[in-house]
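This is a predicted model, so every value here is computed, not measured.
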Amino acid sequence: MERTSTNSSTYSAMSRLQTSKIKTIKTPKVITFIDKYNGFSYLSSTDEEIFREILSDDKLTMEKMQSLTYKQVKKVEDLILSNYTTGVCATEMPVVKIMDRKITSMLKAVRMTYNEDFNKALFKTVQTINNSIERMDFFYRLSNSLGFNDNTESIRAIIAKTNNSELKKKYLPQSDEWIIKDYKKFINTNINDLDNLLENPNILDEDKQLYQKLLNNFITLQKNHNKITNKLKHI
């Protein structure tokens with residue numbers, strides 16, 4: 001009799017535990033938010049299934065991001081950062097915890113400019129830079145070189161896109177020379193500038209270390225960009 005009572009008590013405890021676990025399961029906040037505004041509607045059924053799984057814990061990990069294509073990462077950026085799919089202010093979006101700083105760089109790369117080939121090359125390049133400070137230095141140099149072509153620098157992007165003629169006249173160059181039309185040339189110019197800095201005897205050794213790292217990353221960018229553009233020529 002005692003054994004039956006013990007088994008019954010154990011079963012009852014396990015049942016309560018399972019019931020408790022079921023009750024605590026909640027739909028992730030970000031998925032609830034996107035569903036509220038029908039944000040998944042523009043995706044294919046395959047992508048929707050993938051993105052629901054990726055956002056199921058309100059987190060983005062490198063393992064998840066590396067399983068996606070460039071186009072899929074762009075869609076993730078649209079969903080959780082740009083809010084193009086929901087049409088509401090980005091600050092209203094529930095927080096998605098980004099578990100690796102490199103993910104932020106990947107999301108930034110896919111919207112850096114209006115040139116897709118350049119963005120794709122940059123997307124591949126930032127994944128090879130493991131040091132966060134080195135990636136930050138690279139983006140800083142890149143942003144300064146891009147000027148108003150940098151879509152991730154909010155003030156520059158607003159001025160470049162505005163229809164306000166007075167604002168454009170005040171801040172934008174009066175010709176269209178600021179618009180980069182040849183990104184191969186843009187990359188080559190940065191490489192040549194960094195080469196010249198490294199050859200300058202007046203540059204401090206500690207600064208040369210920075211310039212060497214920048215040069216290495218621009219060379220990687222150049223290789224990635226050449227692969228992408230050469231591949232397109234043979235299509």
Side-chain angles (χ1 to χ4, degrees), residues 17-136 138-140 142-143 146 150-158 161 220-221 224 228:
L17 181 61
Q18 290 173 348
T19 301
S20 174
K21 285 183 177 180
I22 291 171
K23 288 181 178 179
T24 57
I25 295 175
K26 296 180 180 179
T27 304
K29 291 180 181 179
V30 68
I31 290 180
T32 300
F33 180 86
I34 294 170
D35 278 335
K36 179 181 177 182
Y37 294 97
N38 203 26
F40 288 114
S41 61
Y42 86 112
L43 298 173
S44 66
S45 56
T46 301
D47 279 349
E48 179 178 351
E49 184 179 351
I50 291 171
F51 291 174
R52 283 184 181 276
E53 175 61 29
I54 282 175
L55 298 171
S56 62
D57 56 0
D58 289 329
K59 295 177 183 177
L60 282 180
T61 65
M62 276 303 298
E63 183 180 3
K64 292 176 182 178
M65 294 296 288
Q66 289 177 332
S67 70
L68 301 177
T69 64
Y70 170 82
K71 287 183 178 180
Q72 287 174 327
V73 172
K74 279 193 72 176
K75 292 174 183 177
V76 169
E77 199 274 340
D78 286 346
L79 277 172
I80 68 170
L81 293 180
S82 298
N83 279 23
Y84 292 144
T85 56
T86 58
V88 297
C89 180
T91 56
E92 294 182 34
M93 169 72 80
V95 174
V96 177
K97 191 171 183 181
I98 294 177
M99 307 304 290
D100 192 306
R101 289 181 181 179
K102 189 182 285 186
I103 295 172
T104 305
S105 298
M106 292 166 68
L107 293 171
K108 184 174 183 176
V110 300
R111 61 190 174 96
M112 194 81 184
T113 72
Y114 286 121
N115 188 286
E116 280 293 279
D117 293 341
F118 179 81
N119 290 354
K120 287 177 185 177
L122 181 59
F123 175 71
K124 286 180 175 291
T125 302
V126 296
Q127 292 181 67
T128 69
I129 308 173
N130 295 318
N131 185 283
S132 296
I133 295 176
E134 190 175 335
R135 279 198 312 276
M136 183 175 67
F138 180 57
F139 271 117
Y140 182 77
L142 198 57
S143 180
L146 286 168
D150 180 3
N151 292 331
T152 66
E153 211 291 326
S154 57
I155 296 176
R156 290 180 193 160
I158 290 169
K161 294 175 185 177
T220 302
L221 178 64
N224 288 328
I228 291 166

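Annotation for M99 and K59: closest pair SD-CD, 4.1 Å, computed over non-hydrogen atoms. The shortest non-hydrogen separation linking I50 to L68 is CG2-CD2, 3.8 Å. In terms of heavy-atom proximity, P28 sits nearest to S56 at CG-O, 2.7 Å. Of all the heavy atoms in I54 and K64, the pair that sits closest is O-NZ, 2.7 Å. In plain terms, the two heavy atoms of S143 and E153 that are nearest each other are OG-CG, 4.2 Å. The two atoms that bring M106 and V73 nearest to each other are O-CG1, 4.4 Å, heavy atoms only.
Side-chain N or O atoms of K29 include none that pairs as donor or acceptor with a backbone N or O of V95 at under 3.5 Å. Between the side chain of D58 and the backbone N or O of V30, at least one donor-acceptor pair lies under 3.5 Å. Looking only at distances, a side-chain donor or acceptor of N115 sits under 3.5 Å from a matching main-chain atom of F118.
For the atom pair CD1 of I103 and NZ of K108, the computed distance is 15.5 Å after rounding to the nearest 0.5 Å. Between the OG atom in S44 and the CD atom in Q72 there is a gap of 8.0 Å [rounded to 0.5 Å]. Atom CZ of R111 is separated from atom CG of L122 by 11.5 Å, given to the nearest 0.5 angstrom. Between atom CG of residue L79 and atom CG of residue L55 there is a gap of 7.0 Å, rounded to the nearest 0.5 Å. Interatomic distance, OG1 of T152 versus CZ of F139, reported as 7.5 Å (0.5 Å rounding). Interatomic distance, CE of M62 versus CD1 of I98, reported as 11.5 Å (0.5 Å rounding).
Side-chain contact between V76 and V110 is absent, with no heavy atoms from C-beta onward closer than 4.5 Å. For the pair M112/D150, a side-chain contact is recorded, criterion being any heavy-atom separation below 4.5 Å from C-beta on.
The environment of Y140 atom OH is sparse: at most 12 non-hydrogen atoms of other residues, nucleotides or ligands sit within 6.0 angstrom.
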Kindly determine whether L60 and I80 satisfy side-chain contact (heavy atoms from CB on, under 4.5 Å), including the steps that lead there. CA-CA 10 Å; L60 282 180; I80 68 170; 3.4 Å; yes
Yes or no on side-chain contact (heavy atoms from CB on, under 4.5 Å) for K102 and M65, after CA distance, side-chain angles and deciding distance? CA-CA 10 Å; K102 189 182 285 186; M65 294 296 288; over 6 Å; no
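The residues K74 and E116 are annotated as salt-bridged, a charged nitrogen and a carboxylate oxygen being separated by less than 4.0 angstrom. For D35 and R52, the salt-bridge test passes: some basic side-chain N is under 4.0 Å from an acidic carboxylate O.
Both tests do not hold together for K75 against F51: distance to the six-membered ring centre under 6.0 Å, angle to the ring axis within 45°.
Side-chain atoms of N119 and T113 include a donor-acceptor pair closer than 3.5 Å.
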